[in-house]
Chemist: 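I'd like to ask you about the structure that follows.
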There are 2 protein chains.
Amino acid sequence: MIENQPKKPSKSDRTRAQILEAARLLFAEHGYDGASIRDVAAHASIDPAMVIRYFRSKDELFARAAVVDLQLPALRVIDRTTIGETLIRRFLEIWEGPASGPGMAILLRSATSNEFAAEKLRDVFGNQVRPVVAAVADPAADADRRAGLVSSQLLGLAMCRYLLRLPPVVALSHDEIIQNVGPTLQRYVVGEDVS
Amino acid sequence: MIENQPKKPSKSDRTRAQILEAARLLFAEHGYDGASIRDVAAHASIDPAMVIRYFRSKDELFARAAVVDLQLPALRVIDRTTIGETLIRRFLEIWEGPASGPGMAILLRSATSNEFAAEKLRDVFGNQVRPVVAAVADPAADADRRAGLVSSQLLGLAMCRYLLRLPPVVALSHDEIIQNVGPTLQRYVVGEDVS
DNA sequence: GTCTATACCGAGATAGAC
DNA sequence: GTCTATCTCGGTATAGAC
C-alpha cells in the first residue's frame with residue numbers, strides 16, 4: 001500500500017499548517033483584499049512563492065481558510081423555553097471561546113465585497129443555523145423567516161462588537177448580552193408575532 | 001465681487017456631479033477596494049485622469065461619496081410607546097426609499113476592511129443614532145448601551161437584506177419587518193431588562 | 001479643460017537555479 | 001523543497017500635448 005499517511009508530520013505538512021494559520025489570522029483581521037500573499041508569507045516566515053506552491057492560488061488559500069463549523073448539532077437536546085439563551089451563549093463561545101477559530105470573522109470580514117465569502121456565509125446559515133431553528137420553530141413552516149431574523153440579530157451583533165468595534169457594543173458584558181439579546185432570539189424562534 | 005456662484009451649473013460642476021454620482025453607485029455596490037478609479041471614470045463616461053483632477057485622490061473621492069445624513073431629527077416628536085416602530089419605519093425609508101441615497105450602503109460595504117469607513121460609521125451612530133435613543137431611553141444613563149443594541153439589530157438587518165442578500169431576509173415584506181423587528185427595538189430603547 | 005501617454009507601485013503568479 | 005528573479009497585470013497618480 002502507498003498508505004503511509006498516519007504518523008508523518010513531515011516538514012511539508014508543518015509548513016502547510018503554518019501558512020494556513022497565518023492566512024486565517026490575516027484574512028480574519030484584514031479581509032480578502034487587505035491580506036496579500038506577501039503578508040501571509042512574511043507572517044509565516046516563509047517565501048511568498050511557497051504559499052502559491054502549497055495552495056495553488058490566493059482564491060484556493062482563502063477557500064481553505066474560510067471553513068466554518070459552528071458545531072450546533074451539539075445543541076441537539078433543545079429546550080424550547082430557553083432556546084434564545086442557548087443560541088446567544090453558543091454565539092459568544094464561537095466568537096470569544098478558545099476552541100473556535102476565526103472562521104466566522106474571516107467570512108464576515110470579506111462577505112461585503114467578495115462574492116465567494118458571501119456565498120459561503122449564506123451556506124453557513126442555510127446549512128447550519130436554519131436546521132437548528134427549524135427543529136424548534138413554532139410553526140416549522142416559518143423556519144426560514146425565523147432563521148433569517150435570528151441571523152440578522154446575530155450577524156449585526158458580531159459586526160458591531162468584533163469587526164466594527166462600536167464602543168458601547170464592545171463594552172457589553174456577556175451577561176448583558178445574554179439578558180438583552182437572548183429574549184430577542186427567543187421571540188424570533190418561538191414567538192407568536194408574524195403576519 | 002467675484003461672487004458669481006448662483007446660477008452657474010458650469011460644465012465643470014456637472015462633470016463633478018457625474019463623477020460623484022458614479023462613485024457613490026460603485027462604492028455602494030462593490031466597496032472601496034472593488035471600485036477602481038477606472039471603473040468610476042468609465043461609468044461617468046469620462047477619462048480616469050479627470051477623476052483625479054476633480055477629486056485629488058481616491059481617498060478624497062471616497063470621503064466625499066461617503067456622507068450620510070439619516071435625518072433623524074425629523075423624528076423630533078417622539079412617542080415612547082411607538083419608538084420601536086418609528087425607528088424601523090425610518091430604517092426602511094433610508095434603505096429603500098427614493099429620497100435617501102446609498103450613503104449607508106457605501107459605509108457598511110467598506111467598513112469591514114477600511115478603517116476610514118469604519119470610523120465614519122461609528123460617527124453616524126454616535127452623532128445621529130445615539131442622540132435619538134438618548135432622548136427617550138428609560139433611564140437615560142443607559143443610552144449608550146441601548147443605542148448599541150439598536151445598532152446591532154439594524155446593522156445586522158441591513159447586512160442580511162441589502163449586502164449579503166440572505167434569501168429569507170430579502171423575502172421579508174415591510175410589514176413583516178415592522179411587526180417583528182419593531183418590538184425588538186422597542187424593548188432595547190425603553191425596556192426594563194438590563195443588568 | 002480635456003485627454004494621451006506613461007510613470008510607478010504592489011499585487012498574484014511563474015521559471016528555473018540551487 | 002526552497003528561494004531568487006522576474007513576468008504580467010491592474011491599480012493610483014502625474015506630465016504634458018492639444
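In what follows, chains carry the letters A, B, and so on, assigned in the order in which the sequence lines appear, proteins first and then strands, with residues in each chain numbered from 1. This is a predicted model, so every value here is computed, not measured.
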Chemist: Pair Thr81(A), Asp79(A) - check side-chain hydrogen bond (donor to acceptor under 3.5 Å, both in side chains), show working.
Modeler: CA-CA 5 Å; Thr81(A) 64; Asp79(A) 182 347; 2.8 Å; yes
Chemist: Under 4.0 Å, heavy atom to any atom of DNA chain D: which of residues 52-67 of chain B qualify?
Modeler: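 Correct list: Ile52(B), Ser57(B), Lys58(B).
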Chemist: Taking salt bridge (charged side-chain N to carboxylate O under 4.0 Å, His left out) as the test, write out the residues that go with Glu21(A), two or more places apart.
Modeler: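 Glu21(A): no salt bridge (charged side-chain N to carboxylate O under 4.0 Å, His left out) contacts found.
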Chemist: Sequence neighbours left out, what passes salt bridge (charged side-chain N to carboxylate O under 4.0 Å, His left out) with Arg64(B)? Give chain and number order.
Modeler: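 Salt bridge (charged side-chain N to carboxylate O under 4.0 Å, His left out) list for Arg64(B), sorted by chain: empty.
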Chemist: Any salt bridge (Lys or Arg N to Asp or Glu O under 4.0 Å) involving residues 91-114 of chain B? Give me the pairs, sequence neighbours left out, ordered by first then second residue.
Modeler: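 Applying salt bridge (Lys or Arg N to Asp or Glu O under 4.0 Å) to every pair that reaches into residues 91-114 of chain B, excluding sequence neighbours, yields Arg90(B)-Glu93(B), Glu96(B)-Arg161(B).
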Chemist: Which of residues 32-50 of chain A sit near DNA chain D, with a heavy atom under 4.0 Å from it?
Modeler: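 Result for residues 32-50 of chain A: Asp47(A), Ala49(A), Met50(A), sorted by number.
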Chemist: Suppose we screen for side chain to side chain donor-acceptor pair (under 3.5 Å). Which residues come up paired with Gln186(A), at least two apart in sequence or across chains?
Modeler: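 Gln186(A): no side chain to side chain donor-acceptor pair (under 3.5 Å) contacts found.
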Chemist: I'd like to check the side chain to side chain donor-acceptor pair (under 3.5 Å) partners of Glu119(A); sequence neighbours left out, ordered by chain and number.
Modeler: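 Counting only residues at least two positions away or on another chain, Glu119(A) forms a side chain to side chain donor-acceptor pair (under 3.5 Å) with Arg122(A).
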Chemist: Which residue pairs satisfy the salt bridge (Lys or Arg N to Asp or Glu O under 4.0 Å) criterion with at least one member in residues 23-40 of chain A, sequence neighbours excluded?
Modeler: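 Found Glu29(A)-Arg165(A).
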Chemist: State which residues pass side chain to side chain donor-acceptor pair (under 3.5 Å) with Thr184(A); sequence neighbours excluded, sorted by chain then number.
Modeler: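 For Thr184(A), the residues satisfying side chain to side chain donor-acceptor pair (under 3.5 Å) (neighbours in sequence not counted) are Arg187(B), Tyr188(B).
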Chemist: For Tyr162(A), give me all partners under ring pair (Phe, Tyr, Trp, His ring centres under 6.0 Å), at least two apart in sequence or on another chain.
Modeler: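 Ring pair (Phe, Tyr, Trp, His ring centres under 6.0 Å) list for Tyr162(A), sorted by chain: Trp95(A).
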Chemist: First and last nucleotide of DNA chain C in contact with chain B, 5' to 3', at under 4.0 Å to a heavy atom: what are they?
Modeler: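 Terminal contacting nucleotides, 5' to 3': dG1(C) to dT4(C).
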Chemist: Please list all pairs passing the side-chain hydrogen bond (donor to acceptor under 3.5 Å, both in side chains) test where one or both residues lie in residues 43-55 of chain B, with sequence neighbours left out.
Modeler: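 Those involving residues 43-55 of chain B do not exist here.
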